[in-house]
Each structure stands twice: as structure tokens, then as C-alpha cells.
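Down below is the structure, laid out as C-alpha cells.
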Amino acid sequence: KELLPSKRACPLIQNAAEEPRVLCIIQDTTSAKTVNERLTLNLPASTTLSRLYEDVSHKAGYVNGTFDLAWGNMPDMASLDHNSEMSLSESGFEPGGKKNFLHLTDKDGEQPQIASDESGTADSSGVDDSSQERFIGPLPRESTAGCSGDYSSPSYTYSSILSKSDTGYVGLVNQAMTCYLNSLLQTLFMTPEFRNALYNWEFEESEEDPVTSIPYQLQRLFVLLQTSKKRAIETTDVTRSFGWDSSEAWQQHDIQELCRVMFDALEQKWKQTEQADLINQLYQGKLKDYVHCLECGYESWRIDTYLDIPLVIRPFGASQAYGSVEEALQAFIQPETLDGPNQYFCERCKKKCDARKGLRFLHFPYLLTLQLKRFDFDYTTMHRIKLNDRMTFPEELDMSPFIDVEDEKSPQTESCTDSGAENEGSCHSDQMSNDFSTDDCVDEGICLDSTGSTERVLKPKSLLTFELFSVMVHSGSAAGGHYYACIKSFSDGQWYSFNDQHVSKITQDDIRKTYGGSSGSRGYYSSAFASSTNAYMLIYRLKDPSRNAKYLAVDDFPEHIKSLVQKEKESEEQEKRQREIERNTCKIKLFCMHPVRMMMESKLEVHKDKSLREATEMAYKLMELEGIVPLDCCRLVKYDEFHEYLERSYEGEEDTLMGLLLGGVKSSYMFDLLLETRRPEQVFQPYKPGEVMVKVHVVDLKSEAIASPISVRAYLNQTITEFKQLIAQATGLSAETMRVVLERCYNDLRLLYVPNKTLKAEGFFRSNKVFVESSESSDHQVAFTDSVLWKLLDRHGNTIRLLVLLPEQSPGTLANRTQKVRGDSDVIFDGTKGNRKSVEAILEESTEKLKNLSLQQQQQGSSTSDSQKSSDASDFEHIESPTQEADSNSSLCVAADNRELENRIRASAGSSGGASSDQENHFACEERSDSEVNNDRSTSSVDSDILSSSHSSDTLCNADSGPIQLANGLDSHSITSSRRSKAHEGKKETWDTAEEDSGTDSEYDDNGKSKTEAQYLYFRAEPCSQEDTSWDAQKCLVVHVDKRITLAAFKLNVEPYVGVTSTQFKVFRVYANNQEFESVRLNETLSSFSDDNKITIRLGRALKKGEYRVKVYQLLVNEPEPCKFLVDTVFAKGMTVRQSKEELLPQLKEQCKLDISIDRVRLRKKTWKNPGTVFLDYHVYEEDISISSNWEVFLEVLNEPEKMKSMSELAILTRRWSPATMKLGPFQEVILESSSVEELKEKLSEMSSIPLENLEFAKGRGTFPCDISVLEIHQDLDWNPKVSTLNVWPLYICDDGAVVFYRDSTEEPMELSDDERNELMKKESSRLLKTGHRVSYSPRKEKALKIYLDGGPAKDPGQD
């Protein structure tokens, strides 16, 4: 066989082995295909140019003479001559492995013509099949063919799917896991009788929707398979007609199951048509199921029909598999003897007799389908398995040995019984069973013709020869795998592999590889070591020249098929044109600084042959600038969005094509486009490549203002002096006194002071940000890091904008204060001492009144007992805002540097509450559980600080986050110091983390004084406008704050707005999903916050050092809802469990009306809904019991004093199962001194009076209370595990709270009628659904394959 070009194709040379070769790489630049291919040819140097064109045309699939070849690196040169006999070496090609790049281009402006193949033909390459590299399996590889085929990449390209296979056949695209469908569809398509019959059926659009018509969609698919020029086509229209959605594409199914279901659907659709009996005529056979009495010879029988014959691979219990299909067929009809306990009751003998039971074939179908039952169930492992044993099958199968001539006679002495089908006419005896009824035919749905015995004369043996034409192969295991089909074409006798979109030629050797097994003996374990790729379904066709049909040629199509072909051809051409447009369309990101909507982003899709002027007009309309900016005031420029860098403008290139401008059509571009606008009086500035863009912010030291940026373009080789002069021209500042500061990255400020240093040396890049200041102040003289300029820029770079929601009934409600400010025009803050005293007096009075009211509220016991009510309502329900009595001259404004004022406010607050510091610790009822605030109890134990660090990021190089300047300081509160010079003088106060393990020191010493006063951090608050937030603007603050400030300092700064001291309110961070988590680590900074993050302030006592907020839930083991929230409380490090009980019980009595003795209360670990370790009174938090923020604990009310005395004991929750009554008893606790199974059984026996030898137990599954249906518990649990201790597999009971079921093994389950079982099933389903447990009455089943004749699944909720 020839692997190299033939002698005629490639001229001989004296020494062919030593001839140099030329490597040609040809890029297809035409639009003839969806994806442009790159071809690789390795040719002898003596190959002529004309032969090169022939090879390229064959390789690319184009008609020779309809395209040109040109040099890739010299596009201006003329194309290579089509008819030249010059060799490649003479034409300028470089041999010896050097790459010669060529472009395949349009000829005379017209696209190349794609070479067409006739469907069903053999390989048009002319190369013999044996020269191809063949592969059969899940991932086939195509071979190369032709003269130039000895140098090619074996991997597939996407474009190969879009051009027809060399075999002439079209593949099917796998939607996801639809290989089983593709294999069956290809087999049906390659069956001439089925294909021709489908073509003869005519669709009536007036009677049915074409989308839901299964025969019509199959017809369309077959037409495309025969006429399409694509390599593979989609099957989505067919599956849509099945009523499947996209999820079905991800379901694996059995190919034999699909065959049955599809045939049934086609029969239903073809009723009342010529094709009504097509499936039966082609695929249906008949067999007799008989029982023959061995004493009297009486035989009872029935006629069954079949569409396929299931053949056992390995008999049940056997160690050896059948070796061939013939052997399996013989076993299929081999009768079995019914004797002993299996004797048959003979109606003639009127007694049980030995009998022979078996099957006999009466009639074989025209198309014989054999299913090899490779999927079995292993009762040892209780898993499905695949049998990979070797089973041979012949190419021609003689079925005459398997049919019995005697069965064709009409037996007069036999009894005919119901076959389960509507086949009364097929019974030959008048002695029919009285119970024969046609109502039992719901399963088969197959109607047999009534034919007499004279019409069913046995065919000669020569007419019972079947030839194999389809082998459906499964590769994989019982858990999943891949199907493909090996099919023989009846037109040329050639075998092909149809593997989804890949179609390739194969040989008889490849078919033999699908027998399965290995070359060794067929022992019991041979299947385990055998290949997993083997035949699963075989289809044979009867060799009968009078019936054997040929494929219908295109010219012989019926008229309705011809019109369908034309319709599909037009659709394919339209799709091709659309793909061509898509392929020639440049898609690039487009940005625009819209005058109204600010920065907008979109995607510009423009054809490569459109000019820049036309693209600008398209962008103009896309950005909706009509009527806002004239078109001639817009232009497109090259833009880098990541660096905010304008790379270049396109002056004078308005008529240049976009394809050239953008560098061709690409899937993605390394740059973007910006639609730039100007005012009519302005002129566009040209942007040249190589320039860098600089955003210049002018700084005014006097007003501490930083102006919006001015864009300046400079060159990297400019000096600092030249750069200053450039800025001076743009800003009007003096270059002599100018200071320029470069911000290279976040908070990295660099003063540019070396005059002759270039911008490149200073670290300038594409896009840069600088701050400039030019004044005569003495700030020039000090070191830069000590200067006012540096401090201002440092503050500017670290300031973030936060939205703070204040408590609704806060005494310092912003609405009241704001209203007073706005109501009196004389209260404009001017920094005078009088106004400061006014603010001091108001805040002092506010704080003192609040504390007095708080004490009264505690003394009167007026706090609400409803634990579900929010703290805002419960803590301050009866408090009126003291500011309503304040003088209207008071203002929100506090001088930025007036720390002395704040100290006096703090001192007054301290003196008013100094005598009642203990009461302050219990300021009011704690707010409701955080988990309810979050609307998600399961997240309540999450550490809020971990979340806060993972859900936010620092603001890097934020140029626009500077302080907002307010006119006259109205409605603003500026405090530049984040540390107070003094704290409370009347009481001790500690600002520290709530967790000991935070790893940081306290911000304050034992006297509450700040440890450092050197650093002053920026804080400014102002009222929130309605545009700023969706929150109520009356209760919201906009806070501009240095994010290096600690949470403790932030709370101190917020105090005047909340109206209470910082120890009496809590800070919650709000995330994107509106979940709130409390921030408790007071010495951590706000560095994890970013601009426009939201904070909620809630009233309630804040945690102190070593304290933890704890949510207490009541454990009710025998209630439908065993977990009930009670209260929020606080536990402290070093506190014993008994001390926590003593503090908790009054709170429970007051808020929850629970009056419990301390000896009848138990606290235990809570893990979601599971009760865990029992906490004993002497246990100490943080020493014996690990505790964390937002901790949760169970409180259990005991019926008797605590029995557990030691941690070595084990508390088990037990529940009795009574099979006789089908009921579960209540939970009862058992205390074990060890982990012994024997002790557990003894305790259970003592408690239940079940004899020890009859007692069985099982561990509950899932989460507490381990609910299980009473219909499942008796069989599904692992009863009486063979272990001696509880802490080993499969029990693993190592902690308190495990659930154990127990029963009496002698107690028989109640016998239920079907009605009782159904009723009980409904009750159990309702009960388990209410408790949130999954209901399951049987092991998991695979999803059944269904085809919906009405176009979709039924919406009846009662159906399964």
C-alpha cells in the first residue's frame, strides 16, 4: 500500500531518500469556512507549484483553481502560478526544515469553492483503507490521506467538525451524555428499510406542531445526515421533540431502553398512517412460552412477541461465561425441569407433576436485535457490575437451529393462556383459559395479526441466514461509560465507526476487538481483567434478495423530501452566511465618559471592512449620545482601561478599515476603545504612541482641598524640570515653587526633587497620578514626611466613606438635631467658644438624662420579656430623646481639634454614672439573637471578624476619596483625633478585644487612658442624602474616616450621634446580602472596610475584655421542634458553668417566664441542631470549655437533679422501636460509666424489661433527632453491630448526645394491608417533611428514560 505520493503524482528523482524536503505552513485567510485552518505540508523539494496547488486543494477541501497561494511574509507579491511546472526549490522555497509561510487567499475576490462528497460513498481520497491509521474506541483519531499526508498533526481542530468527513458520512454532536442516542440514530439511518419508510411518510403541518413531531424531526435529521456538507450536526431538535430539556442531555441511559421507548413513541405517532405497523414488520418476532407435563404430555402455552432477544453472558451462579452468541441462544431456548417443590399443577392430571418449561421461537423478525446482557448485579458487594467476558458473534448467523418445526403445527390438545398481548387470534385452541382478557395489555401495546398456520409455513434454512450490520459498543463500567456504533454500509460493504461527530473506516479486525474479554481462558475472574470496551447490542438483517432494500438516492426522493432538502440547504447557507459575518466582525470593549451617565461600558461589534468613521458613528449611537453631543465632537481612541491610559488617537485615519486598525479579527484584544467627547469650542489633543498619561491633582494647603484631576501627557525621557514646566502650562501654577509628588501605588508617596532625573527613572508608567502644590509657605523647608503636604496626602489616601445607620430611637437622633440646625440660620458654626459650650452642655445633659432613664427603667423592671423583639425597641422603648429639650442653638458641629471638649463630655458622662457602674454593665435587656438579625441562625456562630477580612479589600490608590468640603461646616462633625487624651475619670473602663486570642494589646491602659497620643486620624461626619443610600436618610450618617483608625476610636467618635456612651452600643458590619455581623475586636483597624461599606449601630451593652456573646437555645428532645431560641447572654472567661447558670436564670425568668431551679438546669454543647458534651457545674470557660464569639449553647430542663458527675461518663439518648405497633417511643437518656456495648444493653434491658439476649440496638443516622420513617427503620438501620465498644466503627459514639434506637428481636412487624401502608406512608411523609428530613422509602433509583408524545412532561403533581 502507498503511504507516499504515487509515481504519477510525484516525479522520480535519482536518489529519493536523500532529496531535501520543504516544510510549508499555509494559513487559510478566506471566509469559506467558519474557522480558518492552518495546513502543514512536508513535500519533496522537486514538487511543482501545480502539484502544490493540488495537494493544498485536497488537504483544505477546496476545488482546485478557486483559490490563490501567496507568500505570508510578503503579502504585496503576486500569487504563485497555478500552472507552473517550476519546482518548489526553484520558486524560492527554503528546504531543510525551515518554515515557509503561505496564505491561502480568495481568487479574483471570490471565495474558494468547497469540494462536495456524495453521501454514503467510500473515502474519496483514493488511498487504500489499510494505509490509514485506524482507532476504534471512545476517542478515535483520523488518519491523513493523499500525497502530502505524511506530515500532519494527529489532533483534531474545531474546524474539522465543520467540514465533511472523508468517508462521506456525517457525524452527530454529543450534547453532553447523548452518545447512546447518537449510536441508535446512526444505526437507524444506516438501515435502508427504516430510512426509506421514514422518507415515504409525509408530515402534515396543519395537524401537528413540527417542533413536537418525532417522525418529522427524525426525517429532518436523516435528510441532513445524507445531504449536509458539515462534519457533524446537532440532535437538539430531535431531543426537543422528545419533550426533553437541557438536563436530559446530562443523563446516561441504556441504549436498549432507548430503542424500546423510541419505537413505542413512533408507533403511537404513526397510528392511522401507512407506517402504523412498520416497527412490527421490521423488528417484531414471536416465541412460545410453554410448560409440558412429563406424565400425561399435556402442554400449556402462550404466544409472546419480542423486539429484541436478551442473551445472558454468564448464567447466575456460574463461574464460566458463554463463549458465543450461538451458545447463548441455545441456552435461551434450553428448557428447565420443574420438579420437587417447584412441580407444576397439571390441569389434566389434576395434581402437581414434574414438567418441562421453556421457550420456542416461532418467527424471527426481518431485523433481528440481540442484546448482550453485560450489566448484572453482584450480590456479594451489592453493586451493579459489568461483565466484560468474551462473547463472539458471527458476521452471518444461521437461526434455523433455534426454531422448532413442530411448533408451526396447530396443537389440538394444548391449552392456550394469556400472553399479555392482544393476540386472541394467535391461539390455536378452543380450550382457552377463562381468565384470558385483553385488559392486561397495557405493557406491550403491540398488536399481532391473526394469521393461520397455513400462512406461517417454515422458511427454508437458506432464508434464515442473517447478516450482521450494526454493533453498538459500550466502553466503561456499570456506573457509566460511552457508546459508539460500528455499522456496515449496504452500499459498499465497508464497515465504519460512528463515534459521535467522528466517522472513520474500520475493518473486520476492529469488529473482532469488540468481542470483549482477553486472550486467556474464560475463568471466573477473567471479566475483571478484560477490556471494558465490548459489544452490547447486535443488529442482523435477514438475507432475502426479495426484501433487501437499497438506500434511496437523492434523485429518487419523494417530492416532500426534495422540498425539505431544499429548505435545509437554504437554512444551512443562511447559517453559513451568518457565520461568515460573525467571523469578519471585530468585537472590542468600548468605553465612554458620558456627559450625563458618567463612565459607560459596552461592546462594539463592527465589520472588519467598516471604516473608522463608520465605526465612530456606530459607537456614537451605541452610547446614546444623540441630542447630547454632536457627532463631529466625538472620536474613537485606543484605550487601556486597566491603567486608564489613552494609548493613541487616529488623526487622519478616518477612512482606514477597522480590520487594519485593530490588527485583524481576534477573539480578544489587548486594548480597548474609548469614545472621547469634547465641547464645540474645544479641540481634540493628539495622543501619540509612547506618551504616558499623568493625572495631576492640584493641592491647596490653606483650604486643605485636593482638586479633581487634570490630564497631562508627557514622555518618559522628559526631565523633572521639563515636566514641571508642562504642568505649569496646564495648571497656571509657578514652576519655581512647585512641589510634585508621585503616588506610585497605594500610600507610596514620592517627592520628585532631582531636576535632571527623567520620568522613567522616577518610576513613571503608562498611567500615573501626581499631586502638585505651589505656594510660598514655609512648608517647603521641612522634611517631606514632616510637612503639611505629606500629612494631607496621607490622610487623603487613607480616607474611606462609610454609611452608618443609627438606632431608630437613639436619644441623639440625627433628624432632630438636623432640623434644629436648619430651622435657625443663626447657628452656623464659627468656632467660637460660646458655641462649643452650647454643644458641651447639650451632650452632657443628653448623656446624664439617658443614664437616669436607664436606671429608672431597670428599677421598674420595664424591659420587655419578648426575646424576639429588637434591642432598639426593647432597650429604649420608653426613652424620649433629651435633645428635644435642648436649646435650638445646639449644632452637630464640633471643632476638629477640640479634644478638650470631648474630654469634658466624657468626664460628665463618667460622673453621672460613677455611682452605678455595676448597673451600667446590665444597661438593659440584651438584644435578640444575632442569628435572627441575620435571618439565618446557622451563621450565627461565624466569627464576624474573619468574615469582615474576607469580604472586603483595601482601597488602593483612591484618587477621588478625599474629604467633601461642606459650606460653612454646616451639619458636619469633624474630629481629627482618633485617640482621646483622657477617658472616664469616675470609673474604670477597658477598651480591649473581646477575644483573648486576638494577638493584639489593649488600646487603653487600666485607667482607660490612651497609650498613644501622637497620631491624629481623620474623622468627619455629615448627614446622608437620599441619593447616597436606600436607607432612611433621617437615620443615616455619611462618615469620612481614616481607615487606620481602630474600632474603639471609631465608636468614641460616633458617640455624639448615638447619644449613649460607646459601651452601650454595638457596631454591625452589613454585607452585600444584607447579612449583619458584629464587629467586636476593638483594637483592630477599619482597614478591611472600603468606600460605601455599610455599618449598623444597635443599642445594647458592648462586650468587654474576655467576654463572649452567647445564644442560648432550649433543647426539647421530645418536641416536634427540638431547638428553641431563648435569650442572648454574655459569658466571661474564667467563669464556671454554675456561675453562668446563676446569671442566666434571672434573665430567663424575666424574659422567657421560665422559673427553673438551678439543680434542674443543664448546659451542653450545641453543634447546629445536635446536642453534644454536657457541661458540669465545676467546668471553667476557656479552661475546660472552648468558647468563641457568637457561641451557641443548649439549655436542658431536667426532670430530676443532674446525674452526670464526671467527664468520663457518657450520656446517650435512646428510643425504643416497637415493630408490632409500628411506633417509636419517646427519648430517654441513659448515663454510661464506660463505652461498653454490654453496659449499654444492660441499661436498656433494665429500662425496657426486654431480655438481654433479645435486645438489639442501632445508631441513628443524620442530625438530631435522627428521624426515620417507621416503614424503613426495621430494615434500613444497621441493627446489632458486631462490636464490643461504642467508640469504634461503625458506631463512633465518643461524645454525649448520640441517638440509639433499640428493639426486641422476637417482636414481629405488624402486617399492613396496601391501604394501611399507603395511609401510613402519607402520615410519615408529612411528619418527616415538617421536621425537615428527607423522605425516602426505597434505595435511590436511576432516572427513567421517557419520551413525551405531547412535547413535554406532564404537570400532574401527583405523578412520580
Side-chain angles (χ1 to χ4, degrees), residues 1-30 33 36-75 77-105 107 112-115 123-134 141-157 159-160 163 166 504-505:
K1 306 301 179 185
E2 292 179 325
L3 293 176
L4 293 173
S6 64
K7 294 179 181 180
R8 291 169 297 180
C10 301
L12 284 170
I13 59 173
Q14 188 68 28
N15 192 350
E18 297 178 1
E19 181 183 2
R21 302 182 74 81
V22 175
L23 178 60
C24 303
I25 298 176
I26 301 113
Q27 178 67 49
D28 187 350
T29 62
T30 68
K33 296 180 182 178
N36 293 339
E37 291 181 299
R38 171 175 284 196
L39 312 174
T40 306
L41 300 178
N42 195 13
L43 304 174
S46 60
T47 304
T48 62
L49 289 180
S50 59
R51 180 60 194 176
L52 173 65
Y53 270 100
E54 290 179 20
D55 288 348
V56 172
S57 64
H58 176 82
K59 187 85 173 177
Y62 293 142
V63 176
N64 194 9
T66 63
F67 61 89
D68 284 333
L69 292 176
W71 289 102
N73 50 0
M74 293 177 285
M77 284 188 64
S79 302
L80 300 178
D81 189 357
H82 281 259
N83 303 313
S84 173
E85 294 301 319
M86 291 176 61
S87 67
L88 298 182
S89 56
E90 295 170 343
S91 303
F93 287 78
E94 295 187 28
K98 294 185 178 180
K99 297 178 181 179
N100 297 272
F101 291 98
L102 299 175
H103 281 176
L104 191 155
T105 62
K107 183 176 175 63
Q113 296 178 18
I114 298 177
D123 190 353
S124 59
S125 64
V127 177
D128 189 273
D129 174 64
S130 62
S131 70
Q132 297 185 338
E133 180 186 19
R134 291 181 301 275
R141 261 199 339 266
E142 276 198 345
S143 63
T144 58
C147 179
S148 57
D150 57 341
Y151 189 95
S152 176
S153 170
S155 61
Y156 277 104
T157 60
S159 58
S160 65
S163 58
D166 292 338
S504 57
K505 286 185 178 182

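These values consider heavy atoms only, across backbone and side chains, with no hydrogens, waters or symmetry-generated copies.
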Margin query: Looking at Ser84 and Leu49, would you say the former's side chain and the latter's main chain have a donor-acceptor pair under 3.5 Å?
Written below: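 Checked: no pair found.
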Note to self: Looking at Lys98, is its backbone amide N or carbonyl O close enough to the side chain of Asn100 to form a donor-acceptor pair, meaning the two atoms are under 3.5 Å apart?
What the structure shows: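 Present.
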How close do [X] and [Y] get, heavy atom to heavy atom, and via which atoms?
X: Asp55; Y: Leu41; result: CB-CD1, 4.3 Å
X: Leu88; Y: Thr48; result: CD2-O, 4.5 Å
X: Leu102; Y: Trp71; result: CD2-CE3, 3.7 Å

Rounded to the nearest 0.5 Å, how far does [atom2] of [Y] lie from [atom1] of [X]?
X: Arg38; Y: Ile26; atom1: CZ; atom2: CD1; value: 10.5 Å
X: Lys59; Y: Asp28; atom1: NZ; atom2: CG; value: 13.5 Å
X: Thr40; Y: Asn42; atom1: OG1; atom2: CG; value: 9.5 Å

Notebook entry, point to check: Do the rings of Tyr62 and Phe67 sit parallel, tilted or perpendicular, given the 30° and 60° boundaries?
Noted result: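 Tilted, since the angle between the ring planes falls between 30° and 60°.
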Notebook entry, point to check: For Asp68 and His103, does a side-chain donor sit closer than 3.5 Å to a side-chain acceptor?
Noted result: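 Distance-only check fails for Asp68 and His103.
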Margin query: Going by side chain to side chain donor-acceptor pair (under 3.5 Å), name the residues that satisfy it together with Asn64, two or more places apart in sequence or in a different chain.
Written below: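 Testing Asn64 for side chain to side chain donor-acceptor pair (under 3.5 Å), a comparison that skips the adjacent residues, returns none.
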Check: Side chains of Leu104 and Thr30: closer than 4.5 Å at any heavy-atom pair?
Finding: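 Contact flag for Leu104/Thr30 side chains = yes.
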Check: Under a 4.5 Å cut-off applied to non-hydrogen side-chain atoms, are Asn83 and Ser50 in contact?
Finding: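 No, their side chains stay 4.5 Å or more apart.
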Listed pairs under 3.5 Å, donor-acceptor, residues 90-97 side chains, sequence neighbours left out:
unit_1, atom_1, unit_2, atom_2, d
Glu90, OE1, Ser87, N, 3.2
Glu90, OE1, Ser87, OG, 3.4
Ser91, OG, Ser87, O, 2.8

